[in-house]
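So the structure is just underneath, and the comments pick up after that.
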Amino acid sequence: MLDKNYNPKDWEEKIYENWENTGCFAPSMDKSKEAFSIVIPPANVTGVLHMGHALDYTLQDILIRYNRMLGKNVLWQVGTDHAGIATQMVVERNLAKQGISRHDLGREKFVETVWKWREESGGTICRQLRRLGASCDWTRERFTMDEGLSRAVRKIFVNMYKDGLIYKAKKLVNWDAKFMTAVSDLEVVQKETNGKMYYYRYPIEGKDGEFVQIATTRPETMFGDTAVAISKDNAKLAHLIGKNCIIPIINRVIPIVADEHADPTKGTGAVKITPAHDFNDFEVGKRHNLPMINVLNADATLNENTPFAGMTTMAAREATIAKLSELGLMDKIEEHPMVVPYGDRSGVVIEPMLTDQWFVDAPKLAVEAIRAVEDGEVKFLPKNYEKIYFEWMRNIQPWCISRQLWWGHQMPIWYGPDGHIFCEENEEDALSAAAEFYGHQEKLTRETDVLDTWFSSGLWAFSTLGWPDKSEFLDMFYPTSVLVTGFDIIFFWVARMMMMSMYMMKRVPFNTVYLHGLVRDEHGHKMSKSKGNTVNPLDMIDTYGADALRFFMAAMETQGRDINMNEARIAGYRNFATKLWNAARYGEMNGVDFGHDIDVNTVEGKINRWVIAKAEKTISKVGRDLESFRFADAANAVYQFAWGDFCDWYIEMSKPVLYGDDEKAKAETRGVFAYVLRRIMLMGHPFMPFITTQIWQSLQMGGELMLQSWPTSRKSNGDEGKAVDWVIEVVSAIRSLRAEMNLPAGAKLKAYLSGCSKEACGYAKEMGEVVCALAKLEFLEQLAGEAASSMVQVGLTDGVVLLELKGVVDFAAEYERLSKNLAQLDKNLQGYAEKLGNAAFVERAPQKVVEEEKKRQEEALAARAKVEAALARLKNLV
RNA sequence: GGGUGUGUAGCUCAGGUGGUUAGAGCGCUACGUUGACAUCGUAGAGGUCACAAGUUCGAGUCUUGUCAUACCCACCA
């Protein structure tokens, strides 16, 4: 016997363990079946499950479970990402607590420490993923730093290097002074800040008392200036071009050059050029062959090229201003709102810094990545993200992939004593390449830089499947079917996967990419720790169960839009789970045998046929919706059918039968009950895997639910159960009236129906008996057509609700309504006729539009015929 | 500056190709412990679908514009 309430906590863990231990998550590897695969967006090993994960993984699990039930050979490839900066930061922070820095340990020991940390703490997110019910194949769990995946990284790196797609260059890059590494453009966030604009003067060389006034937000970089630029179209200042000026304080002479970068309308029209610390200035410097002077240390303090060596930029700024004032060169300081770049992980100001770094020739890789999407080899959902993808890809810059970190894939690069570069997959190969190159054995030193984390993530779709080795999994599951991820990492990950896959595999990594939105707080604000508005999905699971959280995610997921957190709604879906539980209990208490399916073709009862037809309809809708990623529609269809149709109506209507003594009817109803509940479990399973499994097992429905076949829906004969729909309307009308008239619940109810009358009291009986009486009437079938429901009226006499179909009913009003309807249709038809009779329209409009118009005309004609028929029937009744 | 969304009930949101009376959950009001379920049931109140013009027989839905709001990209000496 089922308990009175379903308590998720009692079951979820056991259910999951059972799935995992019995190998339910593994692909069937049945070659005769269609393959379906998803690679999970690898979570950071440092990660803990947040709402974004809960959404992402729920959607994937729904697709995975659905497709598994369709009988496909399904793989959900799971794994985690080594997350270079994030992980190094966490481990360094732990070490700091013991007063140790990574430099105390040295590189080798430090990396060992990270691995150890990963063994002990890196599995958190995977355990949490299990709590969500994710049915991924844990036996194939991968980590981006695994030997196999590392080999994939080295191989593709070497290939790209030898193809000239990876190169080393001294370029201006975004420098993170906290981690002392370069970062890519994507890892920089721009923040609006209140800065100041400083106006001061550089003396012109050899002209006492002549100056050029410049304006800058960063005076401390002036020691790296190697020119001042002025536009040659600047009438006021052009005369200075070609002269030299003097950087005060250090008294270095620099030229004044003509460059269009100096916009006469901005600042003073003269701009100081610091090529080593500004992206625009860097370009100007290249154009004019200017020297590039670095004035910063790796930690963003000023270096010995300045008079303020060792000072932070802020301190140096103050010192510079003070000195300039002292020299009488300072003119004014204005408030100036400006945008300053910050590191997304470190939170410190990013400095453009001139360093040797490694780059991927992204513009070249983008070509194929763009083409594949243009040609429809990858479909974006929602489609408008394609535009964003194209926009970014077409303006892509070289990708800086080197990081001056210790945790990550060390680049497979070795240097000879003369600095010659050997790029090979391992040291042995590098040594032999060097021996060949030099003609003798040489000692090599390995590049210390590691790769951007996203480099290895970019290979995820094929590296996890076994590439570069020959692999059955690769053959079977690549390209993967769907990628489900947040739109916020479209550039970080989706785009990189596209580029890497098109380069190495010559094929797309996935056929469809479904992009969902962010999970926000209940008012639509972004969740953040600092705002304190985060919601922990594990708390939600503890309180309401994983099924409730999952159902919420599914039911809110519409076309990739952001989802607002709504705890009341999660509670509502917990209630839904309870509802299902109790429906099952009801069946159990009424002698339903869930072990066997009834042959639905033998079912005769109208109500039974009605509920079967509704179930079939729902199943095909849920299937259709999931095929097209309409998660909310699918979830709501299940909810509506299970609660609205099955619990509210079918169970109520079944009571008079199951409590009665017609054994034949009882047997049929029990059979149908089992049949329909079984289908609710099947179609509900992708959304609520735990409770459906628990019910399935408790009621001994046979086998493991998650491995059952998705039900095939039977063809409906069109009007099955329409009579019952009509009955529902009648009963609703009765209830409405009774409430309006303030009749007590026990009030007697008389149903007069074409001479047939029944008395009933109590809510279940009322409905059941009315229904039974109605269902017997032959002509209901006929009346249940389009205009029938409004032919019923409910009246009140002497405290007794009267349901009348004939007699007092105002058929005249109905007749009038339909007449109006007919008139409207005639008007519409006239409109169509006019349009189609318009030669200009027919000739000029596209064929499709004309045909649509014709189709509408036909539809209107058909509708008119129906209304006319209904009017004819009414005429007899009036 | 360029781009992409959003604006529908008190709140959070649905409303694939225009089509009878615009829906859900929560909240609210009234009634109800009936042999699945009070994590429940029944009934009800609540909407000029941001605004304006247009297309159409017909607009929440299509077009244009306005306002509000969110986000993305770029730039800002």
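Letters go in sequence order (proteins before strands), and every chain restarts at 1.
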Closest to the [X] side chain: [options]?
X        : options             : value
A:Arg520 : B:C71, B:U12, B:C37 : B:C71
A:Thr558 : B:C37, B:G15, B:C26 : B:G15
A:Thr578 : B:U12, B:U39, B:C37 : B:U39
A:Val339 : B:U39, B:G15, B:C76 : B:C76

Whole-Å distance between [N] [atom2] and [X] [atom1]?
X        : N     : atom1 : atom2 : answer
A:Lys655 : B:U34 : NZ    : C1'   : 7 Å
A:Leu518 : B:G5  : CG    : C1'   : 13 Å
A:Trp581 : B:A36 : CH2   : P     : 17 Å
A:Met393 : B:C73 : CE    : P     : 15 Å
A:Tyr586 : B:G41 : OH    : C1'   : 15 Å
A:Phe594 : B:A36 : CZ    : P     : 14 Å
A:Phe576 : B:G25 : CZ    : P     : 12 Å
A:Glu567 : B:G27 : CD    : P     : 13 Å

So, A:Asn533 versus A:His525: side-chain donor-acceptor pair below 3.5 Å or not?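 No pair is found: no donor N or O on one side chain lies under 3.5 Å from an acceptor on the other.
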Can you find a side-chain donor-acceptor pair between A:Tyr199 and A:Glu334 that sits under 3.5 Å?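 Yes, a side-chain donor-acceptor pair sits under 3.5 Å.
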At under 4.0 Å between heavy atoms, what does [X] touch on the DNA or RNA strands: base, sugar-phosphate, or nothing?
X        : answer
A:Glu588 : nothing
A:Met565 : nothing
A:Glu391 : nothing
A:Asp562 : nothing
A:Met338 : nothing
A:Ala262 : base
A:Ala583 : base
A:Lys272 : nothing

Can you check whether [X] has a side-chain N or O nearer than 4.0 Å to OP1 or OP2 of [N]?
X        : N     : answer
A:Arg561 : B:A14 : yes
A:Asn575 : B:C40 : yes
A:Gln190 : B:C72 : no
A:Trp643 : B:G41 : yes
A:Arg630 : B:G16 : no

Per-pair distances, 0.1 Å, donor-acceptor, side chain in residues 546-558 of chain A, under 3.5 Å, sequence neighbours excluded:
{"unit_1": "A:Asp547", "atom_1": "OD1", "unit_2": "A:Phe690", "atom_2": "N", "d": "3.1"}
{"unit_1": "A:Asp547", "atom_1": "OD2", "unit_2": "A:Ile691", "atom_2": "N", "d": "2.7"}
{"unit_1": "A:Arg550", "atom_1": "NE", "unit_2": "A:Phe687", "atom_2": "O", "d": "3.1"}
{"unit_1": "A:Arg550", "atom_1": "NH1", "unit_2": "A:Asp61", "atom_2": "OD2", "d": "2.7"}
{"unit_1": "A:Arg550", "atom_1": "NH1", "unit_2": "A:Leu132", "atom_2": "O", "d": "3.0"}
{"unit_1": "A:Arg550", "atom_1": "NH2", "unit_2": "A:Asp61", "atom_2": "OD2", "d": "2.9"}
{"unit_1": "A:Arg550", "atom_1": "NH2", "unit_2": "A:Pro686", "atom_2": "O", "d": "2.8"}
{"unit_1": "A:Glu557", "atom_1": "OE2", "unit_2": "A:Tyr514", "atom_2": "OH", "d": "2.6"}
{"unit_1": "A:Glu557", "atom_1": "OE2", "unit_2": "A:Gly560", "atom_2": "N", "d": "3.2"}

With [atom1] as the reference atom in both, quote the distance from [N] to [M] in angstrom, rounded to an integer.
N     : M     : atom1 : result
B:U6  : B:U61 : P     : 13 Å
B:U34 : B:C40 : C1'   : 12 Å
B:U17 : B:U39 : P     : 41 Å
B:U48 : B:G60 : C1'   : 12 Å
B:A24 : B:G15 : P     : 15 Å
B:G7  : B:C62 : P     : 11 Å
B:A59 : B:C76 : C1'   : 44 Å
B:G23 : B:U64 : P     : 29 Å

Identify, with sequence neighbours excluded, every residue that meets ring pair (Phe, Tyr, Trp, His ring centres under 6.0 Å) alongside A:Phe282.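 In terms of ring pair (Phe, Tyr, Trp, His ring centres under 6.0 Å), with neighbours along the sequence ignored, A:Phe282 is linked to no residue.
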Mind listing the side-chain donor-acceptor pairs of residues 626-644 of chain A below 3.5 Å, one per line with the distance, residues two or more places apart or on another chain?
{"unit_1": "A:Glu627", "atom_1": "OE2", "unit_2": "A:Tyr66", "atom_2": "OH", "d": "2.8"}
{"unit_1": "A:Ser628", "atom_1": "OG", "unit_2": "A:Arg624", "atom_2": "O", "d": "3.0"}
{"unit_1": "A:Ser628", "atom_1": "OG", "unit_2": "A:Asp625", "atom_2": "O", "d": "3.4"}
{"unit_1": "A:Arg630", "atom_1": "NE", "unit_2": "A:Asp633", "atom_2": "OD2", "d": "2.9"}
{"unit_1": "A:Arg630", "atom_1": "NH2", "unit_2": "A:Asp633", "atom_2": "OD2", "d": "3.1"}
{"unit_1": "A:Asn636", "atom_1": "ND2", "unit_2": "A:Ala632", "atom_2": "O", "d": "3.1"}

Contacting residues from residues 381-388 of chain A, given that a heavy atom lies under 4.0 angstrom of RNA chain B: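 Within residues 381-388 of chain A, the residues near RNA chain B are A:Asn384, A:Lys387.
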Could one point to a donor on the side chain of A:Lys579 or the base of B:C37 with an acceptor on the other under 3.5 Å away?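 Such a pair exists between side chain and base.
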Can you tell me how far apart CG (A:Leu186) and CD (A:Gln397) are? Round to the nearest 0.5 Å.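 The CD atom of A:Gln397 is 11.0 Å from CG of A:Leu186, to the nearest 0.5 Å.
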Closest non-hydrogen atom pair, A:Ile370 against A:Tyr389: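 Closest pair (atom of A:Ile370, atom of A:Tyr389, distance): N-OH, 4.2 Å.
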Determine the minimum heavy-atom distance between A:Met222 and A:Thr320, stating which atoms define it.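 Smallest interatomic distance, heavy atoms only, reads SD-CG2, 3.5 Å.
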Going through the distances and angles, do A:Phe646 and A:Leu677 end up as a side-chain contact (heavy atoms from CB on, under 4.5 Å)? CA-CA 9 Å; A:Phe646 185 68; A:Leu677 189 76; 4.0 Å; yes
Under 3.5 Å, which donor-acceptor pairs link side chains of residues 568-584 of chain A to any protein atom two or more places apart or in another chain?
{"unit_1": "A:Arg569", "atom_1": "NE", "unit_2": "A:Tyr573", "atom_2": "OH", "d": "3.4"}
{"unit_1": "A:Thr578", "atom_1": "OG1", "unit_2": "A:Arg574", "atom_2": "O", "d": "3.1"}
{"unit_1": "A:Trp581", "atom_1": "NE1", "unit_2": "A:Asp3", "atom_2": "O", "d": "3.0"}
{"unit_1": "A:Asn582", "atom_1": "OD1", "unit_2": "A:Arg585", "atom_2": "NH1", "d": "3.3"}
{"unit_1": "A:Asn582", "atom_1": "ND2", "unit_2": "A:Thr578", "atom_2": "O", "d": "3.0"}

Check the surroundings of atom NZ in A:Lys666: do more than 12 heavy atoms from other residues, nucleotides or ligands lie under 6.0 Å from it?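 Yes, NZ of A:Lys666 has more than 12 neighbouring heavy atoms, counting only those of other groups under 6.0 Å.
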Would you say A:Lys531 has more than 12 foreign heavy atoms packed within less than 6.0 Å of its NZ?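 Correct, the count exceeds 12.
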With Watson-Crick and G-U wobble geometry limited to distances under 3.5 Å, how should the secondary structure of RNA chain B be encoded in dot-bracket form, using | for bases paired to another strand and [ ] for crossing pairs? (((((((..((((.....[...)))).(((((.......))))).....(((((..]....))))))))))))....
